[in-house]
Student: 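One structure, as structure tokens, below. Some questions next.
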Amino acid sequence: MEHLKDWNKSSWQKYPALQQPNWPDEEQYNQVLQTIAKLPPLVFAGEIRDLKAQLAQAVRGEAFLLQGGDCSEEFSRCTAPNIRETLKVLLQMAVILTYAGGKPVVKVGRIAGQYAKPRSSDTEIVNGEEIPSYRGDMANSVEPVAEARIPDPTRMLQGYNMAAATLNLLRAFTRGGFGSLHRVQAWNQEFVRQSPMGRSYERLAKQINQALRFMDTIGIPTDTPQLKQVQFFTSHEALFLGYEEALTREDSVDGGWYDCSAHMLWIGDRTRQIDGAHIEFLRGVLNPLGMKVGPKHDIDEILAIIEKLNPDNEPGRMTLITRFGAKDIEKYLPPLLRAVKRAGLNVLWSCDPMHANTFSAESGHKTRDFEKILSELRCFFELHWAEGTVPGGVHFELTGDNVTECIGGARKLSDEQLSQNYQTTCDPRLNAEQSLEMAFQIAEMIRS
Ligand code: PEP
Ligand code: CO
């Protein structure tokens, strides 16, 4: 760890940090962070190492990464039903990908800490008044009035508590039988069951049940942890560096530093400057890291960042999450694949088909078209096959609820229907049915 001699969990403070809230009261801000720094870590370094090992398998094409959840989690939606429905749809997708796609799936939620958002502008105009932008529930309130938009550091403490409560329930569900393969049919939701996707899922679940019964009959134990428990990991964008620093702890097992706010952290497309504070902070923590790469990138800089974050070229450490848009992926992905391959860098390639396919519908809603999302995914797979690289994962914004935020899909959700149940405070998410449909399509791509 020679290269980390000049790193410590505060060394990022000497570098410019973009996208930080303007906390009005520095003393209060520091006090909150000191409080968080004394609280227990949210995850354990051993779990983080486990995830890294699983991601290393995905680099080699022996596993597949499924990462997904809300664009922005909200404190007011930190409830048992919401957590359960998000977990359910991710487990359903994972079963589809494992069974129909034939690969073990590494399950990572955008959950239990996804409370901080980068914004394109510091302020926005609401009813003619300029007010601070919403930067996620860990900074301010989404309510469009100036007062509510003033960043409040106690929200970080609240975020820590919400993340702990969410993680606690996720652990209970995944270890306590809810995630058991014996319950694969029970994960299907009422409102999805009658749909074409719900029925396809039901058929697949029946086949799994038959296989389990058969194993039972011939005396193969079906109450093993492999069948009764599921490993589920958490992730969020590492954005507010004070918060991330406060949860960064030295592991007593290997002496390394881990950001124990989540298992995996990613760097947003807007904060990945090679000389910036985010890269400085993340180079020193041993978690698996994601990095978003959008159309505005410089290939040499991307290579230099990867080398800075992963100087030992350890597989599983770096996941490149490309988000070029259906229109531009053919232009941007192949040169990047070639450059990374030529440099011999071990990275896991994942596709975020959401963030560069956003547009405003006529109704004014921010939306995404199912067909465009699917089209970027298809291109992602085809371009990898053409280059001889491994398409190893996907990254979605989705929810288990029956929302109407993205148009298209089997039900052909239209512009006019967006207002029926448009819930997101940030980016539009796939609903449960659209998520299952996506999973069936990806499973076919993985298998071929
Ligand atoms: C996000 O994942 O919600 C996000 C802001 O993405 P990006 O950094 O790719 O724009
Ligand atoms: Co988003």
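Counting starts at 1 for both ligands and their atoms, following the listed order.
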Student: Only pairs at least two apart or in different chains count here, so list each side chain to side chain donor-acceptor pair (under 3.5 Å) that has a residue in residues 101-122.
Tutor: Arg110-His395, Arg110-Glu397, Asp122-Arg135

Student: Any carboxylate oxygen within less than 4.0 angstrom of a Lys/Arg side-chain nitrogen, looking at Arg317 and Asp312?
Tutor: no

Student: Quick check for students: name every N or O atom pair between ligand 1 and the protein closer than 3.5 Å, with distances.
Tutor:
| residue | atom | partner | partner atom | Å |
| --- | --- | --- | --- | --- |
| ligand 1 | 2 (O) | Arg110 | NH1 | 2.9 |
| ligand 1 | 2 (O) | Arg110 | NH2 | 3.3 |
| ligand 1 | 2 (O) | Lys292 | NZ | 2.7 |
| ligand 1 | 2 (O) | His355 | NE2 | 3.4 |
| ligand 1 | 3 (O) | Arg110 | NH2 | 2.9 |
| ligand 1 | 3 (O) | Lys117 | NZ | 2.7 |
| ligand 1 | 3 (O) | His355 | NE2 | 3.0 |
| ligand 1 | 3 (O) | Glu397 | OE2 | 3.1 |
| ligand 1 | 6 (O) | Lys292 | NZ | 2.9 |
| ligand 1 | 8 (O) | Asp269 | N | 2.9 |
| ligand 1 | 9 (O) | Lys292 | NZ | 2.9 |
| ligand 1 | 9 (O) | Arg323 | NE | 2.6 |
| ligand 1 | 10 (O) | Arg323 | NH2 | 3.0 |

Student: Could you pull out the N/O/S protein atoms under 2.8 Å of the Co ion (ligand 2), ignoring any water?
Tutor: Cys71 SG, His355 NE2, Glu397 OE2, Asp427 OD2

Student: Do the ring planes of Phe381 and Phe64 sit parallel (below 30°), tilted (30 to 60°) or perpendicular (above 60°)?
Tutor: parallel

Student: Between Arg411 and Glu433, does any NZ, NE, NH1 or NH2 come within less than 4.0 Å of an OD or OE carboxylate oxygen?
Tutor: yes

Student: With sequence neighbours left out, write down each residue that passes side-chain contact (heavy atoms from CB on, under 4.5 Å) with Lys372, or none if nothing qualifies.
Tutor: Ala326, Asn357, Asp369

Student: Heavy atoms, side chains only, cut-off 4.5 Å: are Phe396 and Leu377 in contact?
Tutor: yes

Student: Any carboxylate oxygen within less than 4.0 angstrom of a Lys/Arg side-chain nitrogen, looking at Glu314 and Lys52?
Tutor: yes

Student: Taking side chain as C-beta onward, heavy atoms only, is Phe75 less than 4.5 Å from Arg155?
Tutor: yes

Student: If the threshold is 4.0 Å, N to carboxylate O, is there a salt bridge linking Lys296 and Asp269?
Tutor: no

